[in-house]
Number of protein chains: 2
Amino acid sequence: MEAMKTTGATAGRPRLSGSTGESPRQEIIREATALFVAKGYAETTMSEIARSAGLRQSSVYYWFARKEHILQALLEENRGSLQVAEALEPAPGSAAARLYAVLHADAVQLCASPLDFYEFERVARSQPQNFGAFFEDYSELHRLAASIIRQGIDAGELRDVDPEAAATAALSLNEGLQRHYRQPLPGLRTYTADDVSALSADTTLASLLRAPDDLPAVRIEAAALSASVDLSTES
Amino acid sequence: MEAMKTTGATAGRPRLSGSTGESPRQEIIREATALFVAKGYAETTMSEIARSAGLRQSSVYYWFARKEHILQALLEENRGSLQVAEALEPAPGSAAARLYAVLHADAVQLCASPLDFYEFERVARSQPQNFGAFFEDYSELHRLAASIIRQGIDAGELRDVDPEAAATAALSLNEGLQRHYRQPLPGLRTYTADDVSALSADTTLASLLRAPDDLPAVRIEAAALSASVDLSTES
DNA sequence: CCAGACTTTCCATAGCTTATCGAAATACTG
DNA sequence: CAGTATTTCGATAAGCTATGGAAAGTCTGG
């Protein structure tokens, strides 16, 4: 079971719909993602996913034994901001700018992700054995953010706060704001992904910087850092 | 239908369980709340609610035609932080302290609420016609917070930021942090309701204050304001 | 005190969901 | 060309929300 064929060669019983594209696994993930984005995870049924992918409801279970496994597969294709944090935590230079770059990258990724962070978290919590990676990544990101904050405090750039609590607040703000980007509340202004990412990083850094007037300079340095990380990732 | 009896007088067919307490409506809300707190809204079934309340699954539908209506009734019993904002927005004195008091009260309420903010929001979004009050209250709270921020900018207490965006960030931080209080992520420190409320208000005010060193004084003044609002509400 | 109305609960069940199982239909292998 | 591996299908179990009608009481007017 769980064959790993990626080419479109036709083995097994043919579909009633006759459709025959790429790897069924990828096909299902792609269609499911579109439906999750449009309707949310809980409101999307396996029948709808099957119909979109061109097969029957029960056939989807050949590729994914549980609905959560589709979400899991989707999650594994969406790592990223952790890499930025891992690259920047030990890097030289201003801790404030590195923190800004990490938070901004994380917010961008939360906004760009096909699924709401809280939907991931909800499913991850109900299937801890399958989503260990989710929690590990999160706590690693938290640890790295707290470490950068500690560096900033030691260097005198940042106010003398509790690094762990500050990291929790910073990530919470990212998560809370991605929600406002993703699902604008009626009567409130709508924001772009860039808006909320800048708003989040600006707010956190303004709350931590010993000299808030340095914020514009921090932003500029962070932008340079982000660019350098992107380049080094490509190589 | 939908009788309004609140006394425990027994009319109608008796229950198989023989139980006969207060108003069935209140009984159902109380038991459902406990289950929602323990397992979350989506994971709680009408059968479980019925069993806890001492009747059969379908009998619950006599009092609440839809599962969401139980949540709605629960929500209507939990207003509060809006009152603080309405009392303090036009009040005299430091805008920073009033903002701190409003944000702190909102965070405390989010933590004390029987249900996760995002679960409310999710259900409210799926039943907009029944949850209009939810969105109205939220946008009113947002408006009042933005107004206090604007006052603080005009008075020179706060940095010259966009009041609407700052209010969105402040409320987002409250919402994101209540999540960490309510469902601590594995590997991260756990926080009390007071911890996250102070952390949230501290962070927001630190990001907005022109002179972050004033934060301790702002905290003290805010505590006095909160006490005065509580007193005036009781009268 | 009794007939009918009203209130509340129950049982049965429709229709939807996730998930399982065995059979069917094809390609691959020796 | 027989046997095996792969993939899909149909049928169906078990659980969910919600509906409809019958049942079992209390309440009220005559």
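Chain naming here is simple, since letters A, B, ... match the order of the sequence lines and numbering starts at 1 in each.
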Answer yes or no: does a side-chain N or O of A:S59 lie under 4.0 Å from OP1 or OP2 of D:dT7? no
(request) Answer whether the closest heavy-atom distance between the side chains of A:R143 and A:E164 falls below 4.5 Å. (result) no
- When you check the gap from the basic side-chain N to the acidic O, do A:E27 and A:R15 get nearer than 4.0 Å? yes
request  = Go through the side-chain N and O atoms of A:E89 and A:S147 and say whether any donor and acceptor fall under 3.5 Å apart.
outcome  = yes
Exercise for the section: Indicate, with yes or no, if the rings of A:Y181 and A:Y191 have centres closer together than 6.0 Å. Expected result: no
Residue set satisfying side-chain contact (heavy atoms from CB on, under 4.5 Å) with A:F36, at least two apart, ordered chain then number -> A:A32, A:Y41, A:T44, A:I49, A:I70, A:L71, A:L74, A:L115
The side-chain contact (heavy atoms from CB on, under 4.5 Å) partners of A:R13 (sequence neighbours excluded) come to none
Collect all protein-nucleotide pairs involving nucleotides 17-19 of chain C in which both atoms are nitrogen or oxygen and the distance is under 3.5 Å.
{"from": "C:dT18", "atom 1": "OP1", "to": "A:M46", "atom 2": "N", "distance (Å)": "3.4"}
{"from": "C:dT18", "atom 1": "OP2", "to": "A:M46", "atom 2": "N", "distance (Å)": "3.1"}
{"from": "C:dA19", "atom 1": "OP2", "to": "A:Y61", "atom 2": "OH", "distance (Å)": "3.4"}
{"from": "C:dA19", "atom 1": "OP2", "to": "A:K67", "atom 2": "N", "distance (Å)": "2.9"}
{"from": "C:dA19", "atom 1": "N7", "to": "A:Q57", "atom 2": "NE2", "distance (Å)": "3.0"}
{"from": "C:dA19", "atom 1": "N6", "to": "A:Q57", "atom 2": "OE1", "distance (Å)": "3.2"}

Are OP1 or OP2 of C:dC11 and a side-chain N or O of B:R56 less than 4.0 angstrom apart?
-> yes
Ordered by number, residues from residues 28-38 of chain A within less than 4.0 Å of DNA chain D (heavy atoms) are none
Side-chain donor-acceptor pair under 3.5 Å between B:S47 and B:T45, yes or no? no
Mind checking whether B:L141 and B:S81 have side chains closer than 4.5 Å, heavy atoms only?
-> yes
From the list A:V229, A:L144, A:L171, A:I148, side-chain contact (heavy atoms from CB on, under 4.5 Å) with A:V102 holds only for A:I148
In whole angstroms, the gap separating P of C:dT26 from CZ of A:R15 amounts to 15 Å
Under 3.5 Å, which protein N or O atoms sit close to an N or O of nucleotides 28-30 of chain D? Give each pair with its distance.
none

With sequence neighbours left out, the residues meeting side-chain contact (heavy atoms from CB on, under 4.5 Å) with B:D194 are B:T192
Among C:dC10, D:dG25, C:dT7, the one nearest any side-chain atom of B:P14 is D:dG25
A:R13 CZ to C:dT26 C1', in whole Å, measures 9 Å
